[in-house]
Chemist: 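Below you'll find the structure I mean.
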Protein chains: 2
Amino acid sequence: MARIGLDDHEGICGVAAAISVIDGKWKTTLLWLLESGPHRPGELRRKVPRLSEKVLTQALREMEEDGIVHRETHDVVPLKTVYSLTEQGLALSKVLAPLSDWGHGHLDWLAEARRAAS
Amino acid sequence: MARIGLDDHEGICGVAAAISVIDGKWKTTLLWLLESGPHRPGELRRKVPRLSEKVLTQALREMEEDGIVHRETHDVVPLKTVYSLTEQGLALSKVLAPLSDWGHGHLDWLAEARRAAS
DNA sequence: CAGCATCCTCTACGATACTG
DNA sequence: CAGTATCGTAGAGGATGCTG
């Protein structure tokens with residue numbers, strides 16, 4: 001999605017703001033993984049093989065900026081870094097649950113509709 | 001956002017499916033407008049000036065395919081078309097409410113964080 | 001007025017190579 | 001192992017002109 005600016009939609013800016021935070025091809029996946037506990041970058045990459053390292057770092061940085069992910073670095077060799085959800089991030093993932101339910105209820109319909117359309 | 005395929009994320013595909021439906025710069029806005037009642041294309045364009053006609057039609061077509069918008073055409077001159085939400089679309093907009101609340105709770109934090117980051 | 005076709009731009013994503 | 005830098009690509013979004 002083209003990144004939605006916070007000022008683009010006056011009336012619905014709450015939703016727009018939330019979406020701008022989870023906007024990107026992988027952020028929802030990362031949110032979901034981190035919901036189950038802290039992860040190291042290597043773990044994340046292994047669990048999401050199609051996610052390149054550049055994009056992973058980029059996504060994590062943005063999520064950190066937006067206050068939903070916490071980054072903790074241990075200064076040892078080899079380098080060790082751990083990512084976890086903040087309170088806000090956890091709250092966000094909870095709020096996503098109803099959306100997930102709706103999605104599951106529509107999976108069949110969607111698959112059918114899009115097959116017919118193509 | 002790069003369009004999320006329904007098969008890209010196994011575990012979170014419910015959320016992914018829902019997001020794929022509201023994915024695009026304007027669909028959430030359209031959903032919000034249509035929630036208050038049926039609209040004609042011209043009305044939508046007037047209420048969202050920065051939305052071009054091509055993109056509007058495109059978005060509405062996709063939303064129609066995904067079963068959240070209903071299109072009704074009256075064969076008169078001049079042409080008349082009315083768009084409205086389906087039951088599914090209405091359900092989706094309801095489900096978006098908690099997300100909106102989360103977003104509103106983070107607007108200040110987000111604006112601050114992103115200003116600092118840039 | 002509703003909608004389609006064309007061209008163009010911009011950027012998120014991806015692949016690769018490299019540093020501490 | 002974590003992270004950065006560079007280059008290339010595909011597709012969403014935008015501007016404009018045309019049709020019934």
Side-chain angles (χ1 to χ4, degrees), chain A residues 1-5 7-9 16 19-30 34 38-66 69-84 114 117-118, chain B residues 1-5 7-9 16 19-30 34 38-66 69-84 114 117-118:
Chain A
M1 193 197 303
R3 187 155 183 94
I4 300 176
D7 54 336
D8 274 340
H9 316 257
I19 289 188
S20 77
V21 167
I22 57 172
D23 189 12
K25 196 172 182 178
W26 303 105
K27 287 189 186 172
T28 51
T29 304
L30 294 175
L34 290 175
H39 281 73
R40 300 185 54 182
E43 293 179 295
L44 293 173
R45 289 217 53 198
R46 248 170 282 123
K47 293 191 180 181
V48 193
R50 306 207 286 161
L51 169 58
S52 80
E53 177 166 346
K54 190 196 85 169
V55 177
L56 170 64
T57 307
Q58 201 171 293
L60 288 170
R61 288 288 177 282
E62 289 179 8
M63 292 165 87
E64 194 187 353
E65 274 180 29
D66 289 343
V69 159
H70 173 68
R71 177 170 174 249
E72 188 176 349
T73 58
H74 302 260
D75 228 339
V76 297
V77 180
L79 254 45
K80 179 175 179 179
T81 305
V82 178
Y83 291 97
S84 54
R114 292 188 179 172
S118 64
Chain B
M1 193 199 303
R3 186 155 185 94
I4 300 176
D7 55 335
D8 275 339
H9 316 258
I19 289 189
S20 77
V21 167
I22 57 171
D23 188 14
K25 197 172 182 178
W26 304 106
K27 287 188 186 173
T28 51
T29 304
L30 294 175
L34 290 175
H39 281 73
R40 300 186 56 183
E43 293 179 295
L44 294 172
R45 290 216 54 199
R46 246 168 284 125
K47 294 191 178 181
V48 193
R50 304 208 285 162
L51 168 58
S52 79
E53 177 168 345
K54 190 196 85 169
V55 178
L56 169 65
T57 306
Q58 202 171 293
L60 288 171
R61 287 289 176 282
E62 289 179 9
M63 294 167 86
E64 193 188 352
E65 273 179 30
D66 289 342
V69 160
H70 173 68
R71 177 171 175 249
E72 189 178 347
T73 58
H74 302 260
D75 227 340
V76 296
V77 181
L79 254 46
K80 180 176 179 179
T81 305
V82 178
Y83 291 97
S84 55
R114 293 188 179 173
S118 64

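So that the names make sense, note that chain A is the first sequence line, chain B the second, and so on, each numbered from 1.
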Chemist: Between D/dC1, D/dG14, D/dG20, spot the one nearest the side chain of B/W26, thanks.
Modeler: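 Among the listed nucleotides, the one closest to the side chain of B/W26 is D/dG14.
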Chemist: Can you tell me how far C1' of D/dA2 sits from CD of A/E43, to the nearest Å?
Modeler: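 Those two atoms, CD and C1', are 13 Å apart.
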Chemist: May I have the distance from B/H39 (atom NE2) to C/dA2 (atom P), rounded to whole angstrom?
Modeler: 13 Å
Chemist: If I take atom CZ in residue A/R50 and atom P in nucleotide C/dA12, what distance separates them, rounded to the nearest angstrom?
Modeler: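 My rounded result for the distance is 20 Å.
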Chemist: A/R40 and A/L79: which non-hydrogen atoms are nearest, and at how many Å?
Modeler: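 Minimum heavy-atom separation between A/R40 and A/L79: NH2-O, 3.4 Å.
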Chemist: Tell me: CG of A/L56 to C1' of C/dC13, nearest whole Å?
Modeler: 13 Å
Chemist: Rounding to an integer number of Å, can you tell me how far B/L44 CG sits from C/dA2 C1'?
Modeler: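 Roughly 12 Å, once rounded to whole Å.
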Chemist: Any side-chain N or O of A/R45 below 4.0 angstrom from OP1/OP2 of D/dC1?
Modeler: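 No, A/R45 has no side-chain N/O under 4.0 Å of OP1/OP2 on D/dC1.
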Chemist: Please give me the minimum heavy-atom distance between A/I22 and A/K27, naming the atom from each residue.
Modeler: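 Answer, listing the atom of A/I22 first, then A/K27: O-CB, 3.8 Å.
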Chemist: Measure the shortest side-chain to side-chain distance between A/V82 and A/H70 over non-hydrogen atoms and say whether it is less than 4.5 angstrom.
Modeler: no
Chemist: Return no unless some side-chain N or O of A/K54 is found under 4.0 Å from OP1 or OP2 of D/dC7.
Modeler: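 So the side chain of A/K54 is outside the cut-off, no N or O lying under 4.0 Å from OP1 or OP2 of D/dC7.
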Chemist: Which heavy-atom pair separates B/W26 from B/L51 by the least distance, and what is that distance?
Modeler: CD1-CD1, 3.4 Å
Chemist: If you check every side-chain atom of A/T81, which of D/dA2, D/dG13, C/dA15 has the closest atom?
Modeler: D/dA2
Chemist: Whole Å only: how far is the CD atom of A/Q58 from the P atom of C/dA12?
Modeler: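 To the nearest whole Å, that distance equals 7 Å.
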Chemist: Nearest whole angstrom, please: distance from the C1' of C/dA12 to the CD1 of B/I19.
Modeler: 16 Å
Chemist: Looking at B/R40, I'd like to know whether one of its side-chain N or O atoms comes within less than 4.0 Å of OP1 or OP2 on C/dA2.
Modeler: yes
Chemist: Could you state the CD-P distance from A/E72 to D/dC1, rounded to the nearest angstrom?
Modeler: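 So the two atoms are 20 Å apart, to the nearest Å.
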